[in-house]
Amino acid sequence: MKKIPAIIIMATLVACNGAEHKTTKEQAITIIGKPDVKIENRHLTPEVLWAMGRVGNTCVSPDGKRIAFTVTYYSISENRGNADIYVMDADGSNRRQLTKTVKGEAALTWLKSGLIAFLREGKLWNIDPDSGAETQVSAIEQSIDGFIYSPDELKALLVIPTKLDNYAGKERYKDLDKANALIYDELMYRHWNEWKDGNYNHIYIATLKDGKISDAEDIMPGEPYDSPTKPFGGTEEIAWSPDGKTIVYTCKKLKGKEYAFSTNTDLYAYSLADKSVKNLTPDMPGYDKYPQFSPDGSMLLFTSMKRAGYEADKERIMLMNLATGVIKDVSEALDASPASLLWSNDGTTIYLSAPDKEAHQIFKLNPANGEFTKLTDGNVDYQNIRLAGNSLIATRTQHIKPAEIFSINPSTGEAKELSFVNKELLEKIDIPTVEKRFVTTTDNKQMVTWVVYPPNFDKSKKYPLILICTGGPQGVLGPSFSYRWNYMLMASQGYVVVAPARRGTSGSGQEWCDAISKNHGEQEERDLLAAIDAVAKEPWADENRIGAAGASYGGYSIFHLAGTHKGKFKAFLAHCGIFNMEMMYVTTEEMFFEQWETGGAPWEENNAAAQRSFSHSPHLLVKNWNTPIMIVHGEHDYRVPYSQGMAAYNAAQMLGVESRLLIFPTETHWVLSPQNAIVWQREFFGWFDKYLK
């Protein structure tokens with residue numbers, strides 16, 4: 001295993017409001033601040049990666065003059081992170097840290113009153129951005145997961161987990177209080193990384209009196225449904241009308257098998273006056289999400305997928321005339337799914353980010369005629385768009401740079417960095433270079449392929465290659481910055497990283513995205529091989545030292561390649577991969593996903609599409625495995641159950657293939673805790689170093 005340079009990380013000991021935290025046991029917990037990290041030989045390591053500050057939630061003051069945002073720092077020794085609030089002027093000047101606590105802050109909203117509202121440990125707080133004085137707003141017993149203030153700031157919409165069903169054995173049998181059994185009679189009983197516990201996200205309306213909330217009323221009483229939707233939905237799925245009289249929310253009002261096989265979320269309008277609820281999208285069978293009222297309240301903006309059961313369908317931009325109920329698709333000219341939709345203050349423009357050749361750029365849309373104008377360009381990813389006076393504010397990432405806050409001129413697209421959270425750290429390390437190539441595929445298409453070169457790349461030398469098999473199978477393969485699958489970190493260990501946007505990725509048009517469904521292990525595998533073959537022809541590439549790695553569907557690709565590659569690769573690594581497609585079909589949680597991807601069930605013998613899909617299951621090729629393979633899985637992965645990884649590893653061992661199993665008993669589809677993540681990264685590089693160096 002490659003030796004990791006000694007890294008010393010010291011948690012910055014700071015005190016809230018300048019006072020030392022010694023008054024209680026809770027306060028004695030170390031406050032996590034910006035780490036003091038020692039870097040040897042300007043070399044990026046996993047430990048240095050985890051010393052970077054992670055820009056999170058952002059909000060802009062109502063006058064557009066200031067920005068508040070969170071930054072999370074992690075302590076490796078304490079195996080946890082903490083988010084604090086920072087403020088700066090809209091030009092990036094006068095940046096300062098506003099909170100220094102052990103509990104962490106999230107969900108920032110800058111109020112008209114001048115205060116910043118936020119959540120801390122399930123309670124709603126306000127803070128004065130100048131003095132730092134804090135006030136706890138919520139006095140209710142329930143924990144709050146999200147909030148939106150009404151336009152007049154006299155009410156607040158609260159997202160509160162609400163207990164409706166009892167699935168736990170100790171809840172059903174009060175004399176068995178130490179039992180940890182769970183009892184279910186229907187699908188879907190778990191989701192991504194959580195077992196269904198009988199709690200549902202519900203929306204409550206609370207009145208503020210003297211700046212305090214003392215009670216809240218559930219607007220979904222007794223409904224066994226979630227709004228926002230689980231597991232990833234937030235308050236962006238809810239909108240308050242400008243006049244404060246209506247709330248529109250996203251919900252999938254289905255249960256059991258019907259819920260598990262459906263993507264049919266609808267938008268519901270709740271009237272505060274008479275408490276009536278109306279389904280605004282009853283005839284739209286796909287995901288309908290992200291409602292936003294126009295500034296004058298006459299139109300409702302939202303996204304909608306046309307095809308039922310297909311979670312990677314194009315997200316259309318829809319406008320509903322609230323007076324007539326007429327809905328219009330205004331995004332026909334855009335061959336991509338948008339994100340970060342945002343009205344201009346005068347309602348004449350909609351700003352958004354959308355992938356263009358696998359990189360999210362900022363566009364503006366004229367809703368009157370459906371005309372799109374691209375504002376930005378480059379190998380960068382823009383997300384989380386906000387308005388700040390005459391400028392746009394967004395976060396931006398690159399493969400070689402974590403998220404920072406930028407100001408964008410909406411007329412010219414010129415971007416200016418504001419936050420510089422990681423500037424000092426990045427200046428201390430050697431940075432890889434990134435190339436965006438277009439590789440010709442076997443069917444003569446042009447495919448985006450990212451190539452990341454080691455720092456101080458020397459064309460006269462020979463370099464090992466790592467092919468990245470992306471997951472999904474859909475999703476944009478953009479210049480995002482991951483803290484685990486980090487191409488910058490991989491390249492910094494001396495590898496040339498090759499990441500093809502093979503068939504199925506979502507940033508190269510909907511036709512390209514659709515091409516993978518019911519066609520697994522076919523053209524997309526040829527795309528992967530075309531990319532690595534093209535790079536391997538370079539004089540600096542060592543074609544005898546090529547490895548491949550992938551997660552989720554990328555793990556499927558690894559397992560499949562292991563049975564078909566004929567000696568091209570010298571080592572494989574599969575993380576949370578699909579090994580047996582028949583077992584995946586009946587053990588995953590969102591049943592609609594596999595139903596769409598395979599075209600049907602394995603027992604449907606007369607279903608040609610389904611039988612073709614299952615004929616490409618990697619476990620059918622395992623007899624051909626002969627290359628070292630490392631298999632990684634988290635026990636709390638409910639999307640791709642960890643038995644898939646165990647089966648692949650057991651098969652490799654029984655076949656005598658050199659193999660290693662890295663199992664995380666407490667991790668999910670992702671490895672999220674700092675120390676486990678560093679174990680993951682050390683094992684990753686140790687494995688490939690052994691066979692490729």
Side-chain angles (χ1 to χ4, degrees), residues 80 103-104 106-107 119-124 138 140-147 157-204 216-235 237-238 249-265 268 311 576 586-593 633-643 664-673 676:
R80 65 181 182 90
K103 297 180 180 179
L119 292 178
R120 179 189 289 148
E121 290 196 323
K123 302 300 180 186
L124 180 59
S138 61
I140 59 177
E141 182 180 348
Q142 300 104 311
S143 179
I144 300 169
D145 284 355
F147 69 93
L157 172 162
L158 308 175
V159 177
I160 297 175
T162 302
K163 183 75 169 177
L164 295 178
D165 294 325
N166 293 329
Y167 297 113
K170 62 183 179 182
E171 293 171 339
R172 296 192 181 193
Y173 305 103
K174 302 300 182 183
D175 60 323
L176 304 176
D177 61 334
K178 294 180 176 59
N180 60 3
L182 296 170
I183 305 157
Y184 301 101
D185 297 305
E186 61 184 12
L187 300 174
M188 56 189 276
Y189 48 85
R190 63 181 189 176
H191 204 178
W192 276 108
N193 61 350
E194 291 183 340
W195 291 91
K196 191 172 182 180
D197 64 359
N199 282 291
Y200 299 86
N201 287 340
H202 274 201
I203 301 169
Y204 288 68
E217 182 180 2
D218 189 352
I219 72 169
M220 306 166 62
E223 295 189 24
Y225 314 120
D226 292 291
S227 185
T229 58
K230 288 184 178 178
F232 305 122
T235 52
E237 294 187 352
I238 311 170
Y249 63 91
T250 307
C251 193
K252 184 161 75 170
K253 296 194 176 185
L254 301 170
K255 289 200 70 180
K257 180 179 176 181
E258 193 175 16
Y259 182 96
F261 276 90
S262 174
T263 59
N264 188 19
T265 58
Y268 294 85
E311 71 166 11
C576 293
V586 292
T587 57
T588 193
E589 15 74 285
E590 289 182 350
M591 298 295 184
F592 62 79
F593 182 85
H633 228 109
E635 281 195 42
H636 289 279
D637 183 355
Y638 304 149
R639 169 51 51 94
V640 183
Y642 75 97
S643 55
F664 291 101
T666 60
E667 299 289 354
T668 64
H669 201 58
W670 311 273
V671 180
L672 301 178
S673 68
N676 277 341

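In this chain, residues are counted from 1 in sequence order. Not measured: the values here are computed from a predicted model.
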Step-by-step side-chain contact (heavy atoms from CB on, under 4.5 Å) determination, Y249 to I219: CA-CA 11 Å; Y249 63 91; I219 72 169; 4.3 Å; yes
Heavy-atom side-chain proximity of V671 to F664 below 4.5 angstrom: yes
Flag side-chain contact, heavy atom, 4.5 Å: E223 against K253: yes
Heavy-atom pair with the smallest gap, counting every atom of S143 and P161: O-CD, 3.3 Å
Stepwise side chain to side chain donor-acceptor pair (under 3.5 Å) check, S673 with E667: CA-CA 8 Å; S673 68; E667 299 289 354; 2.8 Å; yes
Set of residues satisfying salt bridge (charged side-chain N to carboxylate O under 4.0 Å, His left out) with respect to K170, sequence neighbours excluded: none
N199 CG to L164 CG distance, which is reported to the nearest 0.5 Å: 8.0 Å
E121 side chain to K103 backbone, donor-acceptor under 3.5 Å: no
Residue E186 excluded, over 12 heavy atoms near CD under 6.0 Å: yes
Beyond-backbone contact of H669 with N193, side-chain heavy atoms, under 4.5 angstrom: no
S227 to V159 - nearest heavy-atom pair and separation: O-CG1, 4.3 Å
Interatomic spacing from CG in D226 to OG1 in T250 - rounded to 0.5 Å: 12.0 Å
Close side-chain approach of E194 and P231, heavy atoms under 4.5 Å: no
Whether K252 side chain and S262 backbone form a donor-acceptor pair below 3.5 Å: yes
Pair W192-F232, ring-ring contact (aromatic ring centres under 6.0 Å, His included): steps then yes or no: CA-CA 10 Å; W192 276 108; F232 305 122; 5.5 Å; yes
Side-chain donor or acceptor of R190 paired with backbone N/O of E589 under 3.5 Å: no
Sidechain-backbone polar pair: T162 side chain, I160 backbone, donor-acceptor under 3.5 Å: yes
side-chain contact (heavy atoms from CB on, under 4.5 Å) assessment of Y200 paired with M220: CA-CA 10 Å; Y200 299 86; M220 306 166 62; over 6 Å; no
Heavy-atom closest contact (Y225 atom, C251 atom, distance): CB-SG, 3.5 Å
Side-chain touch H202/Q142, heavy atoms, less than 4.5 angstrom: no
Distance-minimising heavy-atom pair for L119 and G146: CD1-N, 3.7 Å
Gap separating the CG atom of L672 from the NE2 atom of H636, nearest 0.5 angstrom: 12.0 Å
F261 side, atom CZ; L187 side, atom CG - distance, nearest 0.5 Å: 7.0 Å
CD-OG1 distance between E635 and T666, expressed to the nearest 0.5 angstrom: 8.5 Å
K255 versus D165, closest heavy-atom pair with distance: NZ-OD2, 4.3 Å
Contact check, side chains of E258 and N264, non-hydrogen atoms, under 4.5 Å: no
Listing, residues 178-185 side-chain donor-acceptor contacts under 3.5 Å, not counting sequence neighbours, or none:
| unit_1 | atom_1 | unit_2 | atom_2 | d |
| --- | --- | --- | --- | --- |
| Y184 | OH | K196 | O | 2.7 |

For the student: nearest non-hydrogen atoms of G634 and C576, plus distance: N-SG, 4.0 Å
Separation between CZ of F593 and CD of E311, rounded to the nearest 0.5 Å: 5.5 Å
Residue K257 excluded, over 12 heavy atoms near NZ under 6.0 Å: no
Polar side-chain atom of T588 near backbone of R639 as donor-acceptor pair, under 3.5 Å: yes
